[in-house]
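Shown next, in structure tokens, is the structure this report addresses.
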Amino acid sequence: MLYLNRLALRLKALFQRDQLDHQLEDELAFHLAEQKAELLASGLSDPEAERQARLLFGPLTSTAEQCRDTRRTQWLEDFATDTRYAIRSLRLSPSFALAGILTLALGIGANTAFFATAYGILFRPLPYPSPDRLIEIDEGIA
């Protein structure tokens, strides 16, 4: 059950990222306001309480990034970003894209042909009954 809950949260983090970011900003602002209220209650002035609250709470952007890191979806977002960049780059230089695609096709085809042949020759058993009992008789040149 715990795994399903984690999966649901990660899917939400992937597909509803903007909504979660807004919730995170609201929550951080709430905690900052609470810290400021505590400092105001202790007798500090409003600008000083705001400054002290920000110093105690720390930088909001770094705290938000730490919270985003707990979602553990950054690698997938990075992969999607890199893929979009690669597609854009290949679209700008079609000759390079064609050369890369042909090189990959040739390499995959050559490997497939080699390993299909190697399997047929080296690994597949001979099509005879009891192939381990076959022998070769060589009488030499007469």
Side-chain angles (χ1 to χ4, degrees), residues 1-138 140-141:
M1 194 64 175
L2 180 64
Y3 294 114
L4 291 177
N5 190 16
R6 285 183 184 170
L7 179 64
L9 289 174
R10 288 192 180 144
L11 287 175
K12 185 176 181 181
L14 281 175
F15 297 113
Q16 298 176 352
R17 182 177 184 196
D18 292 337
Q19 179 185 1
L20 285 176
D21 284 344
H22 288 301
Q23 287 176 355
L24 179 61
E25 288 172 9
D26 292 343
E27 187 171 344
L28 290 175
F30 169 77
H31 287 293
L32 188 63
E34 286 293 311
Q35 187 73 40
K36 180 182 172 182
E38 286 179 17
L39 292 170
L40 282 173
S42 69
L44 290 176
S45 66
D46 190 74
E48 183 61 24
E50 176 80 24
R51 191 179 77 75
Q52 287 293 329
R54 288 194 179 275
L55 286 174
L56 289 172
F57 197 74
L60 289 178
T61 53
S62 125
T63 305
E65 283 300 316
Q66 288 173 354
C67 292
R68 285 186 194 102
D69 288 344
T70 60
R71 296 178 191 166
R72 296 183 185 210
T73 57
Q74 188 63 38
W75 66 272
L76 194 55
E77 294 169 10
D78 290 344
F79 178 74
T81 303
D82 291 345
T83 303
R84 284 192 299 271
Y85 176 73
I87 290 171
R88 273 195 319 267
S89 297
L90 290 176
R91 213 172 21 184
L92 290 175
S93 58
S95 59
F96 178 75
L98 182 65
I101 290 170
L102 289 177
T103 302
L104 282 172
L106 184 63
I108 291 170
N111 273 313
T112 302
F114 173 76
F115 283 109
T117 305
Y119 175 77
I121 293 173
L122 299 174
F123 300 116
R124 190 175 46 182
L126 294 173
Y128 303 110
S130 303
D132 56 332
R133 297 187 64 203
L134 290 176
I135 60 169
E136 179 182 342
I137 299 174
D138 187 14
I141 300 176

Value for OG1 (Thr103) from CG (Leu98), rounded to nearest 0.5 Å, stands at 9.0 Å
Would you check if Glu34 and His31 make a side-chain contact, meaning some heavy-atom pair closer than 4.5 Å?
no
Rounded to the nearest 0.5 Å, the CG atom of Leu106 sits from the CG atom of Asn111 at a distance of 10.0 Å
Nearest heavy-atom contact between Cys67 and Leu24 is CB-CD1, 3.7 Å
In short, Ala49 meets Leu39 closest at the heavy-atom pair O-CD1, 3.5 Å
One should read off an interatomic distance between Arg84 CZ and Phe79 CZ, to the nearest 0.5 angstrom, of 11.0 Å
Leu32 and Phe57 have their tightest heavy-atom pair at CD1-CB, 3.8 Å
Sorted by chain and number, sequence neighbours left out, salt bridge (charged side-chain N to carboxylate O under 4.0 Å, His left out) with Glu27 holds for none
Interatomic distance, CD@Glu25 vs OG1@Thr61, rounded to 0.5 Å, equals 11.0 Å
Residue pairs passing the salt bridge (Lys or Arg N to Asp or Glu O under 4.0 Å) test with at least one member in residues 36-59, sequence neighbours excluded, are Lys36-Asp46, Lys36-Glu50, Glu48-Arg51, Glu50-Arg54
Here the gap from Gln16 atom CD to Gln23 atom CD, rounded to the nearest 0.5 Å, amounts to 8.5 Å
